[in-house]
Amino acid sequence: MGDDQVRLSFFKNFIQFMRKKNPEFGKGCYVDSTPLPNQIENNPFNALCCHGLSSSEIQIRLILVLDEETGLPVWYGIIPGNLLDLSTVMTVVNDVALSLDIEIDSLVLDAGYVCEPLIETFHIGCAKSMISRMPARRGYPFKTLYWQFKSEFNRGKYQFARGDHAYFGQKKRITLFGKYDEYAYVYVDHNNALLRFREYLTEHEDEYQQMKESDQDWMTVKYGYFVLLSNVDTTPEDLLYRYFCRTEIETVFKTSKEYLDLLPLSKWSDLTVRGKILHDIIDTIILLLLRKEMASTGVSTSRLFGKTQSLMCTLGADGKVLVQVPNKHVKSFYSLFGFEVPSRVDLAAEKQKVFQKM
């Protein structure tokens, strides 16, 4: 499963299948990435990754291209964690856009990907949209914007709520690298700022008391302050919604990492790592599709799995699988999909069906 042709073949068939229901599937996609930390020695993809916010880790990075309407993956790439540049992302995008007939409309990226080529490509006026975190490093007005908006952080007219958190949000048009216009959206998550500041005071009270007053002020918002860069002209509340809520990619990441054992990775050659991740991405797609189908039934996927996996199966000498007869309650779960449990399964015939579809 680690061969690139297998991956390409799967997504070609998956996109064709989805377009039978929705011809526009894959016509509007966005890109995001997530780190895959692991402790595997000699992993060919492991590298030191800096997040642009004074933290680093040995990891692999997973780049996903998702259909904007459904949030389902239409392609992915894996790269060493230290290759944080636009060319890395665009290589993943451009390599498959033509062969899979997918269109990338927007990028949602970590701070580590923000660089001059990115700003040059996705400045104001560009047909494609970009949302990314501003790095807290030299060359970007991260701290300058703090000083510009500091007096407004607690003004009521700039506050809004999202979920259980209260935010300050303001927008400012800025010029980066002396020639590229972007919008800087400045935020303070008051909940995180207060919680983390309280934790800091508990552990570093003496250090805090010795600070200058201006530095003390900074500490009160430091852990909730962040800036988003974008070429999209909208409200701070709407842009934050797009960044956090619009992208179902977080659901995909959570599903892959927490429910499908994508982590910890337990393979260590180039081919086996690629195969392991493809296997888990396919499982993720199946689970996400199943959740959508189950939404109207009132039955959770965990309960469904618990009941349907209770059937005992035995492989016979003839290569056929004998399936335990399900009770009435288990049958009711299978009936949700109009599926009857067979008494016997011919593995060779089932494999042949799968390969014919490929």
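Starting from 1, each residue takes its place in the sequence as its number.
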Between T314 and V321, is a side-chain contact (heavy atoms from CB on, under 4.5 Å) present by the stated rule, with each step listed?
CA-CA 5 Å; T314 305; V321 176; over 6 Å; no
Given the rule in the ring pair (Phe, Tyr, Trp, His ring centres under 6.0 Å) test, do Y200 and H204 qualify, once you have shown the distances and angles that lead to the verdict?
CA-CA 6 Å; Y200 169 80; H204 305 90; 4.9 Å; yes
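- Of all heavy-atom pairs spanning Y185 and T234, the tightest one is OH-N, 3.0 Å.
- Remark: K150 is not positioned above the aromatic ring of W218, lacking an NZ or CZ atom under 6.0 angstrom from the ring centre and at most 45 degrees off the axis.
- F197 has its side chain within reach of Y208: a pair of non-hydrogen atoms, C-beta onward, lies under 4.5 Å apart.
- Put simply, the side chain of D181 never gets that close to the backbone of H123: no donor and acceptor are under 3.5 Å apart.
- Side-chain contact check for K172 versus F149: some heavy-atom pair is nearer than 4.5 Å.
- The aromatic rings of F14 and F25 sit perpendicular to each other, their planes meeting at more than 60°, with 30° as the lower class boundary.
- Aromatic ring pairs are classed by plane angle as parallel below 30°, tilted from 30° to 60° and perpendicular above 60°; the pair Y158 and F168 is perpendicular.
- A salt bridge is absent between D189 and R162: the closest approach of a Lys/Arg side-chain nitrogen to an acidic carboxylate oxygen does not fall below 4.0 angstrom.
- Side chain of T175 to main chain of G178: no donor-acceptor pair is present (N/O by atom type, distance under 3.5 Å, no hydrogens or angles).
- Counting all heavy atoms, side chain and backbone alike, S214 lies closest to W147 at CB-CH2, 3.8 Å.
- One N or O on the side chain of T121 and one on the backbone of P117 form a donor-acceptor pair closer than 3.5 Å.
- L66 is not listed as a side-chain neighbour of L72, based on a closest heavy-atom distance of 4.5 Å or more.
- The CZ atom of R242 lies 12.0 Å from the CG atom of L228; values are rounded to the nearest 0.5 Å.
- A single hydrophobic cluster is not seen to contain both L347 and L322; linkage of ILVMFWY side chains at heavy-atom distances under 4.5 Å, directly or through other members, places them apart.
- Looking at heavy atoms from C-beta onward, L100 lies out of side-chain contact with V74 at the 4.5 angstrom threshold.
- Using a 4.0 Å cut-off between charged nitrogen and carboxylate oxygen, R19 and D101 count as a salt-bridge pair.
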Starting from the C-alpha separation in whole Å, work towards a yes-or-no answer on side-chain contact (heavy atoms from CB on, under 4.5 Å) for M134 and V114.
CA-CA 7 Å; M134 178 185 286; V114 178; over 6 Å; no
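- V232 and Y167 fall within the same hydrophobic cluster, where Ile, Leu, Val, Met, Phe, Trp and Tyr residues are linked whenever their side-chain heavy atoms come under 4.5 Å apart, directly or through other members.
- Annotation for G224 and N192: closest pair CA-CB, 4.4 Å, computed over non-hydrogen atoms.
- Remark: R7 is positioned above the aromatic ring of Y76, its terminal NZ or CZ atom under 6.0 angstrom from the ring centre and at most 45 degrees off the axis.
- Side-chain contact between P236 and Y187: present, with at least one pair of heavy atoms (C-beta onward) separated by less than 4.5 Å.
- Looking at T70 and D67, their side chains do bring a donor and an acceptor atom within 3.5 Å of each other.
- Taking 4.5 Å as the limit, some side-chain heavy atom of N231 sits within range of a side-chain heavy atom of E182.
- I282 is listed as a side-chain neighbour of I286, based on a closest heavy-atom distance under 4.5 Å.
- The pair D3-R274 does not meet the salt-bridge criterion, since no charged nitrogen lies less than 4.0 angstrom from a carboxylate oxygen.
- Side-chain contact between F226 and L240 is present, with heavy atoms from C-beta onward closer than 4.5 Å.
- Taking the ring axis of F142 as reference, the NZ or CZ atom of R137 does not stay both within 45° of it and closer than 6.0 Å to the ring centre.
- Around the CZ atom of F177, the shell of radius 6.0 Å holds more than 12 heavy atoms that belong to other residues, nucleotides or ligands.
- In this structure, the separation between CD on E199 and CD on E203 is 7.0 Å, given to the nearest 0.5 Å.
- Counting heavy-atom neighbours within 6.0 Å of H165 NE2, excluding the residue itself, gives a total above 12.
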